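Below is one structure; the comments refer to it alone.
Here, residue 1 is the first one in the sequence, and each next residue gets the next number. Just so you know, these numbers come straight off a predicted model, no measurement behind them.
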Amino acid sequence: MQKQASVLNVKESKAPERTVVVAGLPVDLFSDQLLAVLVKSHFQDIKNEGGDVEDVIYPTRTKGVAYVIFKEKKVAENVIRQKKHWLARKTRHAELTVSLRVSHFGDKIFSSVNAILDLSVFGKEVTLETLVKDLKKKIPSLSFSPLKPNGRISVEGSFLAVKRLRESLLARACSLLEKDRNFTSEERKWNRQNPQRNLQRSNNSLASVRTLVPETARSGEMLVLDTDVFLYLKHKCGSYESTLKKFHILSQEKVDGEITTICLKSIQVGSQPNNAKHVKELIEEWSHALYLKLRKETFILEGKENREKRMIKRACEQLSSRYLEVLINLYRTHIDIIGSSSDTYLFKKGVMKLIGQKVS
């Protein structure tokens, strides 16, 4: 967990301002260790507008992407200002030159994810076509599919962009819910004078919006995490459960494909009202660090003979006691191995050796 601590320190010292994202690394030509050395050497060279490098985070969860943290903010700005960067490496037979893409530390560093939204829960409160149009304008980095008659639509984009989308929809739902509450309150006053008034439309509308908003989200804190990161945080980092217990927080978790929604709520009477918010900030900090640190390997089971499936599962179980910081998620069609880059590589290598296959 040493790298995780490093990333947390980076965030606390406002290192994002001194960090650049480097993409396009030739991962198939050099080892991870050599690439990290080459990247550091390149960005320390003043000919490349570089300067003192505090740290190079590589490998990361995103293949071919490294994070370079400079000691000074102005050096990071100079490096980004220079649009073209060429990583040169002399080999025995020739000199290899690779074009690198350098950008600010931000949303673009995250892998693309897909999500399917069911907007039908908004009922007749909004025109779905108008809602989609507003979302496209608000989050232009997302790609939307055509809206289906049943109210479903798929979106694709960075994890943080999808996260903003979910939060935007939740805010819209909460707003509609509040309007319904006020409307229902007025309806009750009116009904005392008009007992026969039909409230069915209002009640149906309120129920449809409630399906989108978890109960805890209405009076607690909500956050959205990458599912792989969440599962690792929950099952391999004792700080998650211990922190919930320490601050008397109830956690309601909903796994939805690649995204997990968590609602946090204080359950102890008289506890500090900002406890849930504090725990949310801690979880966001831990998940950010893990996102940079973790890598996933997958063993495909679908289409294989039952004997081969059993061999793979048995090999994973056999190695689990040796790699305690590796999370093994078994599914019907595949097995996910999540951990640090070195651990997942060695784990995969061990499994392949046990089942008599070469590591690809």
Side-chain angles (χ1 to χ4, degrees), residues 1-11 15-16 18-72 75-76 78-80 82-106 108-111 228 288-298 319 322-323 325-326 337-353 357-360:
M1 291 298 179
Q2 185 175 0
K3 178 60 72 175
Q4 178 181 350
S6 172
V7 176
L8 290 178
N9 292 336
V10 163
K11 186 175 181 182
R18 299 183 280 110
T19 303
V20 299
V21 184
V22 182
L25 298 178
V27 293
D28 297 327
L29 299 179
F30 304 108
S31 67
D32 291 345
Q33 184 176 5
L34 179 56
L35 271 179
V37 172
L38 292 176
V39 168
K40 184 173 184 178
S41 176
H42 173 85
F43 287 103
Q44 284 188 149
D45 194 333
I46 58 174
K47 291 186 296 185
N48 301 317
E49 298 294 335
D52 291 337
V53 174
E54 180 178 298
D55 193 14
V56 173
I57 301 176
Y58 188 82
T60 64
R61 197 174 178 211
T62 306
K63 189 175 182 180
V65 173
Y67 309 102
V68 180
I69 306 171
F70 294 97
K71 291 186 177 181
E72 297 182 16
V75 177
N78 290 340
V79 165
I80 293 172
Q82 182 178 336
K83 296 182 179 179
K84 293 185 178 180
H85 283 270
W86 302 92
L87 184 67
R89 170 69 174 175
K90 289 183 178 181
T91 64
R92 182 177 302 178
H93 303 290
E95 182 173 345
L96 176 68
T97 304
V98 179
S99 175
L100 302 177
R101 300 187 301 277
V102 180
S103 58
H104 286 285
F105 184 88
K108 63 183 71 179
I109 67 175
F110 293 97
S111 302
D228 292 335
H288 175 76
L290 288 173
Y291 199 96
L292 298 177
K293 173 182 182 290
L294 297 177
R295 179 167 292 186
K296 178 169 70 174
E297 293 284 353
T298 300
L319 290 171
R322 190 186 308 174
Y323 296 93
E325 294 192 4
V326 169
I337 309 299
I338 303 172
S340 67
S341 179
S342 58
D343 279 351
T344 52
Y345 172 76
L346 293 174
F347 193 101
K348 180 180 180 180
K349 185 178 179 180
V351 170
M352 301 299 278
K353 184 178 179 179
Q357 295 184 16
K358 293 183 179 180
V359 181
S360 56

Item checked: Student check: side-chain heavy atoms of Val39 and Tyr58 closer than 4.5 Å -> no

Item checked: Validation row: Tyr67, Val56 side chains within 4.5 angstrom (heavy atoms) -> no

Margin query: Among Arg18, Lys40, Lys71, exactly one meets salt bridge (Lys or Arg N to Asp or Glu O under 4.0 Å) together with Glu54. Which residue is that?
Written below: Arg18

Margin query: To check you understand the geometry: which heavy-atom pair defines the closest contact between Thr344 and Ser341, and what is its length?
Written below: OG1-O, 3.0 Å

Note to self: Any heavy-atom pair between the side chains of Val351 and Leu319 that's under 4.5 Å?
What the structure shows: yes

Margin query: Nearest 0.5 Å, please: how far is CG in Asp343 from CG in Leu294?
Written below: 10.5 Å

Next item on the list: May I ask you to check whether over 12 heavy atoms, not counting those of Gln33, lie within 6.0 Å of atom CD?
Entry: no

Note to self: Quick one, Val102 and Gln82 - any side-chain contact, counting heavy atoms below 4.5 Å?
What the structure shows: no

Check: If you take all heavy atoms of Pro26 and Val98, which pair is closest and at what distance?
Finding: CG-CG2, 4.0 Å

Margin query: Would you say that Leu25 contacts Leu100 through its side chain, given a criterion of any heavy-atom pair below 4.5 Å between the two side chains?
Written below: yes

Check: How long is the gap from OG1 on Thr298 to NZ on Lys348, to the nearest 0.5 Å?
Finding: 8.5 Å

Note to self: Holding to salt bridge (Lys or Arg N to Asp or Glu O under 4.0 Å), I want the full list of residues that pass it with Glu72, two or more places apart in sequence or in another chain.
What the structure shows: Lys74

Check: What pairs with Leu34 under side-chain contact (heavy atoms from CB on, under 4.5 Å), at least two apart in sequence or on another chain?
Finding: Phe30, Ser31, Leu38, Arg89

Next item on the list: With rounding to the nearest 0.5 Å, note down the distance linking CG in Leu346 to CD1 in Ile337.
Entry: 13.0 Å

Check: With side chains defined as the heavy atoms from C-beta onward, is the minimum distance between Ser41 and Val53 less than 4.5 Å?
Finding: no

Check: Within the distance-only criterion (no hydrogens, no angle test), does the side chain of Asn48 pair as donor or acceptor with the backbone N or O of Gly50 below 3.5 angstrom?
Finding: no

Checklist line | Nearest heavy-atom neighbours spanning Val65 and Ala23 | finding: CG2-CB, 4.0 Å

Notebook entry, point to check: What's the spacing between Glu325 CD and Lys293 NZ if we round to 0.5 Å?
Noted result: 6.0 Å

Check: Is any side-chain heavy atom of Phe43 less than 4.5 Å from a side-chain heavy atom of Val22?
Finding: yes

Check: Any donor-acceptor pair under 3.5 Å linking the side chain of His104 with the backbone of Ile80?
Finding: no

